[in-house]
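Note that these values count all heavy atoms, side chains included, but never hydrogens, waters or copies made by symmetry.
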Amino acid sequence: MPSDPELDVVLGKQDAATLAEVLHRWKEKYPAVEVMEESRSGSPAVHLADAYQEASLVVVGRRSPLGGHIGPVTQAMLHHATATATAPVAVVAHD
């Protein structure tokens with residue numbers, strides 16, 4: 001299905017607003033930490049790798065309750081970080 005750029009922008013803004021709502025209490029607790037809520041269509045791993053170039057820390061999640069198993073996006077981010085070593089990457093387990 002072809003991408004609809006206008007719909008992508010609308011959905012991206014909605015997703016960013018939802019993310020901002022979820023992160024609100026953490027932003028209040030740590031006001032010195034700059035957080036950018038952004039949602040884009042396409043490959044999450046590619047977007048994270050692009051953002052990584054300007055980041056001082058990248059935080060990615062891990063849903064799997066099975067020990068050290070990580071998903072493809074987290075694996076791609078760790079591989080990219082190992083190759084370029086621009087910033088640390090934190091992998092946080094969550095439900």
### Query
Applying the side chain to side chain contact (heavy atoms under 4.5 Å, CB included) test to V60, which of I70, V92, L48, L78 qualifies?
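When side chain to side chain contact (heavy atoms under 4.5 Å, CB included) is applied between V60 and each of I70, V92, L48, L78, only L48 qualifies.
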
Of all heavy-atom pairs between [X] and [Y], which one has the smallest distance, and what is that distance?
{"X": "Y52", "Y": "A87", "answer": "OH-O, 2.6 Å"}
{"X": "A49", "Y": "H80", "answer": "O-NE2, 3.7 Å"}
{"X": "P44", "Y": "V73", "answer": "CB-CG2, 3.9 Å"}

### Query
If you round to the nearest 0.5 Å, how far is CG of L11 from CD of E6?
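It comes to 12.0 Å.
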
### Query
To the nearest 0.5 Å, how far apart are CG in D50 and NE2 in H47?
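Going from the CG atom of D50 to the NE2 atom of H47 covers 7.5 Å.
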
### Message
Suppose we screen for side-chain hydrogen bond (donor to acceptor under 3.5 Å, both in side chains). Which residues come up paired with E54, at least two apart in sequence or across chains?
### Response
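For E54 there are no side-chain hydrogen bond (donor to acceptor under 3.5 Å, both in side chains) partners, ignoring immediate neighbours.
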
Same apolar cluster: [X] and [Y], side chain cutoff 4.5 Å:
{"X": "V22", "Y": "V58", "answer": "no"}
{"X": "V89", "Y": "L57", "answer": "no"}
{"X": "L23", "Y": "Y30", "answer": "yes"}
{"X": "V59", "Y": "M77", "answer": "no"}

### Task
Hey, could you give me each pair passing salt bridge (Lys or Arg N to Asp or Glu O under 4.0 Å) that has a residue in residues 24-36? Not counting sequence neighbours.
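Found K27-E37.
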
### Residue list, side-chain contact (heavy atoms from CB on, under 4.5 Å) with A76, at least two apart or on another chain
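Testing A76 for side-chain contact (heavy atoms from CB on, under 4.5 Å), a comparison that skips the adjacent residues, returns A45.
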
